[in-house]
Amino acid sequence: MGSTSEFSRRDLIKRAAALGLVAVPAMSALSACATGDDDSGDPKPDKPGRTGSGEMKPLNVNASAPLDVVIFDGGFGQQYAKDAEAEYKKAYPQAEIKHTGTQDIAPQIQPRFNGGTPPDLIDNSGAKQMDLGTLVGLKQLTDLNALLDAPSLDDPKKKVRDTLRPGVVDMGKFDGEEVWVFYYAYTVYGVWYSRTNLEKLDAQYPETWDEMLKVCEKAKKKGIAGWTYAGQHPYYLPFSLYPFIAKIGGTEVLTRIDNLEPDAWKHPAVKAAFEAYYELYKKGYILRGTPGLDHIQSQTAWNEGKALFIPNGSWVENESKQMTPKDFRMAVAAPSGLDKSDKMPFGTIWASGGEPFIVPKNAKNAQGGMELLRIMLGKKSTQNFIKAVSSLTSLNGGTEGITLPPGLASSQEALTKAGRNVVNPRIQDWYVSLEKEKIGKAALGEMMAGRLTPDEAIKKIQKFTDETRKDDSVKKYKHK
């Protein structure tokens, strides 16, 4: 990935203010912290030495420095992070740890960036996450290559980067070789369903769109909707829609979309995919009231058997576990194909790093933030995460000796079936506002509610894309 255009720092700051990332009165404070100068008098990292437990300190952590951690309290909860913090405390018993769990990441953390006092480690996730592209462009983040080059927790002969799943490191790069974001979870996106509820209809997961429509019609006759989705957060729809587009037209279609190319959204594969999804609405296969449901409400209706299918990510198993029937047998599948002319085989799925962690450049204890991530990437914390939240981490492995719950076992099966046919759209990382507010809410949400036709939605999305491409205050990123 590389930058496609130069931009002025002043324009970028203006853009950030428009996004709510910085407040205009805080401009001077932001400019000061963006320089990276550190004359605050805060404790500097120790020289290489040992922790309180006698282990080496590869990141030169100040053993007595406080650690300030903010975790998104969403589908994965926050206990996994607290458990890792307990391991950090064992290694650095003098360190005081402040832990904050919230769903309001941007509203709570943006003022701290403005004031030059951000936390040391942030799980920047959820509907109110901060715009990563803007943070990177403003030079507000710490390069995590020091973490990646540090010895791994379980095998000091291996660097952390050598223990990770393919593609995870590259996801954190925006421009150049610096790694600004670390994606801790490894998420499988797709169409989620109940094996039990499909069997009750004497049906199997449909591999073609004609079969999908037949299953939905069969369900409708039984008073069951074919689909539901997070209507208040319609950017969930791409979790199955984007790999569907890739299956129809090939990965190059998603690459053009990520690159903000002119007419990228006018590709025939996009039109075919939009028309297929719109057909779900036209035929009455969407659960009534879905446009008004949030993610929890739509997942609850799905767990109650009111709808067969829901586009989601692998966090859904943990997020909905309190309402999931014991015999539900949760599973995920790749999108159904359109027809025999599809460019990619059935099984093509979206899987990538999820749950983006960042270490602010102006953090008082950046080394401590990276050290906590190193601990989280050890086998103990990884297995704790897997067992607690039914999701994989970016550590390559870690499932040995663990009985996986149905949804996670299905995720593993889906990855195996996909083989190399795994896609990873970057638009949701590079252009958060464009993806969530414009493509998601203003276009896809409107189309699935019947207020826009597919052609109108495509025209609207292309307009949003063109505006973003031409906006000099938005830093651009591009696939290499």
Which atom pair, heavy atoms only, marks the closest approach of Glu435 to Pro238? OE2-CG, 3.6 Å
Answer yes when Lys173 and Glu178 have at least one side-chain N-carboxylate O distance shorter than 4.0 Å, and no when they do not. no
Any ion pair linking Asp120 and Lys98 (charged N to carboxylate O, less than 4.0 Å)? no
Trp227-Tyr277 aromatic ring centre distance below 6.0 Å: yes
Pairwise distance CG(Leu372) to CZ(Arg374) - rounded to 0.5 angstrom: 11.0 Å
Please find out if less than 6.0 Å separates the ring center of Trp302 from that of Phe328. yes
Hey, is Asp149 close enough to Arg161 for a salt bridge, meaning N to O under 4.0 Å? yes
Going by an N to O cut-off under 4.0 Å, is there a salt bridge joining Glu85 and Lys89? no
Salt bridge or not for Lys128 and Asp104, using N-O below 4.0 Å? yes
Interatomic distance, Asp170 atom CG to Leu164 atom CG [nearest 0.5 angstrom]: 11.0 Å
Trp315 and Thr187: side-chain donor and acceptor closer than 3.5 Å? no
Centroid-to-centroid, Phe357 to Phe182, below 6.0 Å? no
With a 6.0 Å cut-off on ring centres, are His479 and Trp430 close enough? yes
Less than 4.0 angstrom from a charged side-chain N to a carboxylate O is my criterion; do Asp162 and Lys159 meet it? no
So, Tyr184 versus Phe385, ring centres under 6.0 angstrom or not? yes
